[in-house]
Amino acid sequence: MSKGLTSRSEDYSQWYNELVTKADLAEHSSVRGCMVIKPYGYSIWEKIQAVLDQKFKDTGHSNAYFPLFIPKSFFSKEASHVDGFATECAVVTHYRLKNDGNGNIIVDEDAKLEEELIVRPTSETIIWNTYRGWIQSYRDLPILVNQWANVVRWEMRTRLFLRTTEFLWQEGHTAHATSEEAVAEATQMLHVYADFAENWMAMPVVKGTKTANERFAGALDTLCIEALMQDGKALQAGTSHFLGQNFAKAFDVKFTSKEGKLEHVWATSWGVSTRLMGALIMAHSDDQGLVLPPKLAPIQVVIVPIYKGDEELAKISAEVEKITIALKAKGISVKYDNRDTQRPGFKFAEYELKGVPVRLAFGGRDLENNTIEMARRDTRTKETVSREGIADVIEKLLEDIQANIYKKAFDYRTEMTTEVNSYDEFKKVLAEKGGFISAHWDGTSETETKIKEDTKATIRCIPLDNKKEEGVCMVTGKPSQERVLFALAY
């Protein structure tokens with residue numbers, strides 16, 4: 001199988017685009033700006049979804065579903081929120097088509113909606129309008145709801161998984177009696193996301209707070225996890241928002257407290273999307289194709305027979321069945337590729353491209369010697385091992401691969417994180433090295449905007465584990481108490 005991938009060093013963007021399509025993850029749709037997630041890509045998303053869904057349920061949340069369409073008037077109730085999404089909204093104005101008499105289908109001008117409907121870019125408005133009917137007393141709180149859904153944000157420049165007009169995500173929306181409970185909820189969900197990113201995606205992240213300029217529209221505070229991709233750019237992998245009482249006040253959602261007082265509810269929202277697929281690809285993959293962490297790989301082990309004649313294949317297949325049963329008993333997903341339409345070399349290249357963590361090759365000599373060839377995708381090394389206890393060996397190997405993929409990404413991030421103390425040094429590192437840049441900032445929106453206009457770099461976050469450090473802003477020389485993290489970003 002000829003992969004023909006552009007190398008990362010030659011053109012990282014082209015490498016990414018080719019890999020997404022050649023590894024059968026997704027393709028561009030005939031609908032402008034939208035994508036088709038193909039079965040192999042969707043199976044990875046399903047694994048992401050399953051793990052996160054269980055984590056949400058383990059922290060007390062339940063799933064629900066709310067309408068795709070939101071009355072336009074709902075958006076006008078929370079001014080900062082609508083300002084944040086106004087330029088990205090798709091608007092439904094009519095509800096019927098008709099034949100114009102010449103064989104053409106046109107919009108029926110007499111079927112105009114009394115009020116336009118917005119195709120949801122996010123669901124705060126429709127959900128808080130709904131919560132008004134659910135909440136009367138402190139006994140109704142907290143409400144801990146998550147929704148798995150699709151959303152639409154009209155994009156001019158799209159890129160598979162990273163930025164498309166329609167994408168898949170989950171959005172949590174919770175309601176609380178006190179600000180302390182809401183802040184604790186937003187913080188808890190940030191840690192859920194970070195745990196998933198590091199322990200399932202094998203992707204180290206920085207947990208932090210967004211600046212006011214980068215905050216979610218309508219939020220009082222936005223927490224985030226930021227990851228570093230192999231081209232030295234940052235990617236926001238998840239966000240959790242403390243919304244205060246903004247949406248409760250906009251939609252008049254009040255409750256009677258234990259003390260008998262009428263108060264507005266406190267809110268959070270939090271979400272991750274199919275953007276995680278892009279992060280997974282860019283954080284680990286190489287010039288030969290995908291490198292998938294075993295915990296998220298749809299196929300963890302593939303077995304390829306190498307044989308001469310049907311009789312030898314039958315003997316190999318009988319032994320493979322024993323291995324397959326042993327692996328599945330350990331919860332390991334395995335595929336036996338005994339297609340006679342492709343040669344072993346083609347299959348090896350195919351599964352390397354698709355990032356299958358472990359490949360087993362089983363030939364006639366292995367039958368005689370009670371051995372099997374075992375190759376690991378992360379290091380592209382192989383060895384011949386005994387078939388005795390092979391399931392235990394592979395179980396341990398998958399753990400090693402998961403840990404090694406994380407360590408490689410962590411070491412890269414460490415190498416690509418630089419402290420600077422002057423604006424000239426900042427611009428030099430940004431141009432020549434990239435990555436995360438830790439620098440002092442004076443805390444003003446004006447300075448943040450100037451840096452972005454000068455360099456295109458943004459403050460990715462103020463890390464939660466920041467140590468206090470006296471310093472001066474690299475641009476203005478004004479006092480600063482801590483460093484923040486800058487980067488070019490997706």
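The structure presented is a predicted model; accordingly, all values stated were derived computationally and were not measured.
Distance SG/Cys461 to CG/Leu485: 5.0 Å, rounded to 0.5 Å. Here NZ of Lys22 is found 11.5 Å from CG of Asn17. Values are rounded to the nearest 0.5 Å. Distance check: Ser269 OG to Phe242 CZ gives 11.5 Å after rounding to the nearest 0.5 Å. The distance from atom CD1 of Ile44 to atom CG of Leu276, rounded to the nearest 0.5 Å, is 12.0 Å. To the nearest 0.5 Å, atom NZ of residue Lys452 and atom OG1 of residue Thr447 are 15.0 Å apart. Note that the CD atom of Glu185 and the OG1 atom of Thr268 stand 4.5 Å from one another [nearest 0.5 Å].
Using cut-offs of 30° and 60° for the angle between ring planes, the Phe251 and Phe247 rings count as parallel. The aromatic rings of Phe56 and His61 sit perpendicular, their planes meeting at an angle over 60°, well past the 30° parallel limit. Between Phe167 and Trp169, the ring planes are perpendicular. Angles over 60° get that label, and only those under 30° would be called parallel.
Side-chain atoms of Trp441 come within 3.5 Å of backbone N or O of Thr444 as a donor-acceptor pair. Panel note: side chain Tyr40, backbone Pro298; no donor-acceptor pair is recorded below 3.5 Å. Of the possible polar contacts, none joining the Thr476 side chain to the Cys473 backbone as a donor-acceptor pair under 3.5 Å is found. Judged by distance alone, with hydrogens and angles left aside, the side-chain atoms of Asp287 form a donor-acceptor pair with the main-chain N or O of Arg8 at under 3.5 Å. Within the 3.5 Å criterion, the main-chain N or O of Met156 finds a donor-acceptor partner in the side chain of Arg32. Under the 3.5 Å distance criterion, the side-chain polar atoms of Glu155 are left unmatched by any main-chain donor or acceptor of Gly33. A distance-only check finds no donor-acceptor pair linking the side chain of Thr125 to the backbone of Phe74 [under 3.5 Å]. Listed for the Asp140 side chain is a donor-acceptor partner under 3.5 Å among the backbone atoms of Ser137. The backbone N or O of Lys295 sits less than 3.5 Å from a side-chain atom of Gln402, completing a donor-acceptor pair. The backbone N or O of Thr164 sits nowhere less than 3.5 Å from a side-chain atom of Arg153 that would complete a donor-acceptor pair.
Contact of the Asp231 side chain with the Ser13 side chain is not registered, since no non-hydrogen atoms from C-beta on lie closer than 4.5 Å. You'll find the side chain of Leu117 stays beyond 4.5 Å of the side chain of Ile70, heavy atoms only. Considering only heavy atoms from C-beta on, Glu425 stays 4.5 Å or farther from Met474 through its side chain. For the pair Tyr138 and Thr256, the minimum side-chain heavy-atom distance is 4.5 Å or more. Looking at Asn150 and Arg120, their side chains come closer than 4.5 Å, going by heavy atoms from C-beta outward. Looking at heavy atoms from C-beta onward, Lys98 lies in side-chain contact with Ile106 at the 4.5 angstrom threshold. Between Thr209 and Thr222 the shortest side-chain heavy-atom distance does not fall below 4.5 Å. Residues Met203 and Glu198 have side chains not in contact (no heavy-atom distance under 4.5 Å, counting atoms from C-beta outward).
Side-chain atoms of Gln230 and His284 include no donor-acceptor pair closer than 3.5 Å. A donor atom on one side chain and an acceptor atom on the other are not found under 3.5 Å apart for Lys57 and Ser62. Between the side chains of Arg460 and Thr458, at least one donor N or O lies within less than 3.5 Å of an accepting N or O. Defined by atom type and a distance below 3.5 Å, a donor-acceptor pair is missing between the side-chain atoms of Glu116 and Thr93. Inspection of the Asp53 and Asn63 side chains reveals an N or O donor paired with an N or O acceptor under 3.5 Å.
Between Asp400 and Lys407, no side-chain nitrogen of the basic residue sits less than 4.0 Å from a carboxylate oxygen of the acidic one, so the salt-bridge criterion is not met. Taking 4.0 Å as the cut-off between side-chain N and carboxylate O, Glu482 and Lys468 count as a salt-bridged pair. Contact check on Lys428 versus Asp424 returns no salt bridge, with no Lys/Arg side-chain nitrogen under 4.0 Å from an Asp/Glu carboxylate oxygen.
Geometric assessment of Lys38 against the ring of Tyr42 yields a negative cation-pi assignment under the 6.0 Å and 45° thresholds.
Remark: Lys249 pairs with no residue by the salt bridge (charged side-chain N to carboxylate O under 4.0 Å, His left out) rule, at least two apart or across chains. Remark: Asp252 pairs with Lys254 by the salt bridge (charged side-chain N to carboxylate O under 4.0 Å, His left out) rule, at least two apart or across chains.
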*Can you list the steps and then say if Glu115 with Lys72 is a salt bridge (Lys or Arg N to Asp or Glu O under 4.0 Å)?*
CA-CA 7 Å; Glu115 180 181 3; Lys72 187 181 73 174; over 6 Å; no

*Go through the steps to decide whether Ser80 and Glu78 satisfy the test side chain to side chain donor-acceptor pair (under 3.5 Å), and finish with yes or no.*
CA-CA 6 Å; Ser80 61; Glu78 216 295 328; 2.9 Å; yes

*Report the C-alpha separation of Asp454 and Tyr423 in whole Å, then their side-chain angles, then the decisive distance to 0.1 Å, and conclude whether the side chain to side chain donor-acceptor pair (under 3.5 Å) test is met.*
CA-CA 11 Å; Asp454 287 352; Tyr423 201 26; 2.8 Å; yes

*asked:* side chain to side chain contact (heavy atoms under 4.5 Å, CB included), that's the test. Do Thr274 and Ile37 meet it? Break it down for me.
replied: CA-CA 10 Å; Thr274 37; Ile37 304 175; 4.2 Å; yes

*Checking side chain to side chain donor-acceptor pair (under 3.5 Å) for the pair His176/Thr178: CA distance, chi angles, key distance, verdict?*
CA-CA 6 Å; His176 304 267; Thr178 68; over 6 Å; no

*Can His440 and Glu469 be said to form a side chain to side chain donor-acceptor pair (under 3.5 Å), step by step?*
CA-CA 9 Å; His440 281 282; Glu469 177 188 284; 2.7 Å; yes

*Would you check, one step at a time, whether the test side chain to side chain contact (heavy atoms under 4.5 Å, CB included) holds for Val272 with Ile48?*
CA-CA 10 Å; Val272 296; Ile48 291 171; 5.8 Å; no

*Chi angles and distances behind the ring-ring contact (aromatic ring centres under 6.0 Å, His included) call for Phe75, Phe85*: CA-CA 9 Å; Phe75 279 83; Phe85 289 100; 7.6 Å; no

*Show the numbers, then the answer: is there a salt bridge (Lys or Arg N to Asp or Glu O under 4.0 Å) between Glu226 and Lys210?*
CA-CA 10 Å; Glu226 294 283 335; Lys210 288 290 189 183; 2.8 Å; yes

*Show your reasoning for whether side chain to side chain contact (heavy atoms under 4.5 Å, CB included) applies to Lys47 and Trp200.*
CA-CA 10 Å; Lys47 296 201 81 167; Trp200 271 262; over 6 Å; no

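Exactly one of Thr174, Ile135, Val265 qualifies for a side-chain contact (heavy atoms from CB on, under 4.5 Å) with Ile143. That residue is Ile135.
Considering every non-hydrogen atom in both Asp11 and Gln14, the closest pair reads OD1-N, 3.0 Å. The heavy-atom pair separating Leu228 from Ala234 by the smallest distance is CD1-N, 4.1 Å. When every heavy atom of Ile299 is checked against every heavy atom of Pro357, the shortest pair comes out as O-CD, 3.3 Å.
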